[in-house]
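Working notes for the structure below.
Note that the structure is a prediction, hence the values are computed from the model and not measured.
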Protein chains: 2
Amino acid sequence: MAQKNLLKYILLGLLENEKKTGYDLKKLFETEIGEFWSAKHSQIYLELKRLEEEGYISSETGLFGNKLEKTYYTITDKGQRVLNEWEETPTGELPLNKDEFILKLYFIHDKNDERIQKMLSEQYRLHTSKLSHLKKRMILLFKDEVTRSKNYGHFLILDHAIRREEEYIGWIKQYLQ
Amino acid sequence: MAQKNLLKYILLGLLENEKKTGYDLKKLFETEIGEFWSAKHSQIYLELKRLEEEGYISSETGLFGNKLEKTYYTITDKGQRVLNEWEETPTGELPLNKDEFILKLYFIHDKNDERIQKMLSEQYRLHTSKLSHLKKRMILLFKDEVTRSKNYGHFLILDHAIRREEEYIGWIKQYLQ
DNA sequence: GTTTGCATGTAAAATGTTACATGATTAC
DNA sequence: GTAATCATGTAACATTTTACATGCAAAC
């Protein structure tokens with residue numbers, strides 16, 4: 001997917017409320033954001049550099065311990081405007097969910113092909129495991145109304161992710177023998 | 001997603017049962033395959049050239065009318081082996097569904113932010129329209145047991161896509177005021 | 001005769017992954 | 001002291017999109 005550069009907005013969004021280093025951002029892609037987006041540190045550091053050049057973020061370098069340097073990034077007014085603009089723009093098109101398993105299934109023509117059951121049971125394992133992970137996250141992050149109200153968007157998408165996995169599992173079960 | 005080169009397998013899979021031109025393949029990405037994968041003609045023609053160089057497919061050029069040339073591609077034994085191998089390899093990891101709407105939602109913190117309802121109603125429109133399209137496809141392609149048995153994998157993923165959209169709509173309805 | 005669709009390609013640019021590279025700090 | 005983690009970057013490569021480019025055939 002080379003074209004929309006959504007990473008730009010993710011970084012701006014993450015820098016909206018507090019300054020962060022490239023490493024902090026990278027960490028977020030390994031946990032929270034990692035549930036619905038991916039980016040490697042090589043891409044993140046490059047994009048941060050570009051965003052600074054364009055004036056969307058600014059940086060300050062601090063020393064940590066004796067010699068270790070950290071670069072903290074903050075969103076600028078210009079960056080904030082760009083972020084708000086993006087948030088208010090209707091998304092318009094539905095994304096394409098590129099799923100390798102779905103692709104493989106497409107090329108199986110015969111109803112009694114043994115591979116179907118193998119694939120379904122592997123997917124069952126993967127999706128139940130994912131579901132259990134998501135449910136744990138939900139309890140951890142949003143155990144009450146107060147926590148939900150603070151990051152309502154995040155709560156909504158986690159709720160959606162859980163429902164999606166439940167649906168996926170229900171579908172597999174229907175065809176799994 | 002730059003690395004797995006799944007396009008290679010899609011092209012091999014599509015050439016499995018009958019020879020096709022690059023243009024035929026391009027057309028498939030606009031309809032059938034387009035539901036779950038995308039590729040531009042520029043990428044397809046390039047990949048076909050590479051597949052032929054590597055001996056996975058072979059080509060024959062035919063004349064159509066007076067001057068218009070068509071190049072038909074067929075899968076070779078070597079290509080067939082590579083395709084089978086891929087089909088039998090467990091997919092292993094779950095894909096990441098990159099959804100711009102989900103991303104935007106993530107950055108909205110306040111439960112009463114007006115943008116949430118706007119975004120949800122836009123998504124409602126998009127997903128109901130998608131669902132109706134998928135249901136039409138289902139009736140068109142798989143109206144009886146016979147047609148289902150012939151392309152069972154395709155039937156399964158279309159059934160899944162419909163259920164997924166229904167779930168999506170159900171989720172939106174829960175939060176739409 | 002003019003628009004739409006058929007048919008095939010190349011080039012440039014953006015995006016993303018993998019690998020290479022280095023060094024500091026913390027936990028054990 | 002040594003392994004894991006913190007911290008930042010570059011280089012090479014693969015994938016994907018957008019734009020450029022051309023010409024034939026069919027339908028109206």
Whole-Å distance between [N] [atom2] and [X] [atom1]?
X	N	atom1	atom2	value
B:Ile44	C:dT8	CD1	P	11 Å
A:Tyr73	D:dA7	OH	C1'	12 Å
A:Glu69	C:dT25	CD	P	11 Å
B:Leu46	D:dT15	CG	P	11 Å
A:Ile10	C:dT15	CD1	C1'	13 Å
B:Leu48	C:dT8	CG	P	9 Å
A:Glu52	D:dG9	CD	C1'	15 Å
A:Tyr45	C:dT22	OH	P	17 Å

Would you find more than 12 non-hydrogen atoms of other residues, nucleotides or ligands less than 6.0 Å from A:Glu30 atom CD?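 For A:Glu30, atom CD is crowded (more than 12 foreign heavy atoms under 6.0 Å).
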Name all residues meeting the side-chain hydrogen bond (donor to acceptor under 3.5 Å, both in side chains) criterion together with B:Tyr106; count only those two or more places apart in sequence or in a different chain, and write none if there are none.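 So B:Tyr106 forms a side-chain hydrogen bond (donor to acceptor under 3.5 Å, both in side chains) with A:Glu32.
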Test side-chain hydrogen bond (donor to acceptor under 3.5 Å, both in side chains) applied to B:Glu52 - qualifying residues, sequence neighbours left out: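 Testing B:Glu52 for side-chain hydrogen bond (donor to acceptor under 3.5 Å, both in side chains), a comparison that skips the adjacent residues, returns B:Ser59.
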Angle by which the axis turns from one end of the helix from C:dG1-D:dC28 to C:dC28-D:dG1 to the other, five pairs per end, to 10 degrees: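 If I round to tens, the end axes sit 30° apart.
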Nonpolar side-chain network containing A:Leu46, other nodes, edges under 4.5 Å: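 In the cluster with A:Leu46 there is nothing else; it is isolated.
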Hydrophobic clusters join Ile, Leu, Val, Met, Phe, Trp and Tyr when side-chain heavy atoms are under 4.5 Å apart, directly or via other members; which others share one with B:Leu94?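 A:Leu126, all in the cluster of B:Leu94.
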Listing, residues 135-143 of chain B side-chain donor-acceptor contacts under 3.5 Å, not counting sequence neighbours, or none:
none

Residue pair B:Thr71, B:Thr21: steps toward the side-chain contact (heavy atoms from CB on, under 4.5 Å) verdict: CA-CA 5 Å; B:Thr71 308; B:Thr21 66; 6.0 Å; no
What residues from residues 27-43 of chain A pass a heavy-atom cutoff of under 4.0 Å to DNA chain D?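 A:Lys27, A:His41, A:Ser42 - these, ordered by number, are the residues of the stretch whose heavy atoms sit under 4.0 Å from the strand.
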Which residue pairs satisfy the ring-ring contact (aromatic ring centres under 6.0 Å, His included) criterion with at least one member in residues 8-31 of chain A, sequence neighbours excluded?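 Listed by first then second residue: A:Tyr9-A:Trp86.
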N/O donor to acceptor pairs below 3.5 angstrom from side-chain atoms of residues 168-177 of chain A, sequence neighbours left out:
unit_1, atom_1, unit_2, atom_2, d
A:Tyr168, OH, A:Asp99, OD2, 3.1
A:Trp171, NE1, B:Asp159, OD2, 3.2
A:Gln174, OE1, B:Arg163, NH1, 2.6
A:Tyr175, OH, B:Asp159, OD2, 2.8

A:Tyr152: which residues meet the ring-ring contact (aromatic ring centres under 6.0 Å, His included) condition with it, sequence neighbours left out?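 Counting only residues at least two positions away or on another chain, A:Tyr152 forms a ring-ring contact (aromatic ring centres under 6.0 Å, His included) with A:Phe155.
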Nearest of D:dT16, C:dA7, D:dT10 to any side-chain atom of A:Lys98?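 Taking heavy atoms from C-beta onward, the closest nucleotide is D:dT16.
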Closest to the B:Asn5 side chain: C:dA7, D:dT15, C:dT10?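 Among the listed nucleotides, the one closest to the side chain of B:Asn5 is D:dT15.
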Only pairs at least two apart or in different chains count here, so list each side chain to side chain donor-acceptor pair (under 3.5 Å) that has a residue in residues 87-97 of chain B.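 Residue pairs with at least one partner in residues 87-97 of chain B: A:Lys104-B:Thr91, A:Arg115-B:Glu87.
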Does A:Lys49 make a side-chain N or O approach to OP1 or OP2 of D:dT10 shorter than 4.0 Å?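 Result: yes.
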Give, ordered by number, those residues of residues 17-26 of chain B having at least one heavy-atom distance below 4.0 Å to an atom of DNA chain C; if nothing qualifies, reply none.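 Nucleic-acid contacts, sorted: B:Thr21, B:Gly22, B:Tyr23.
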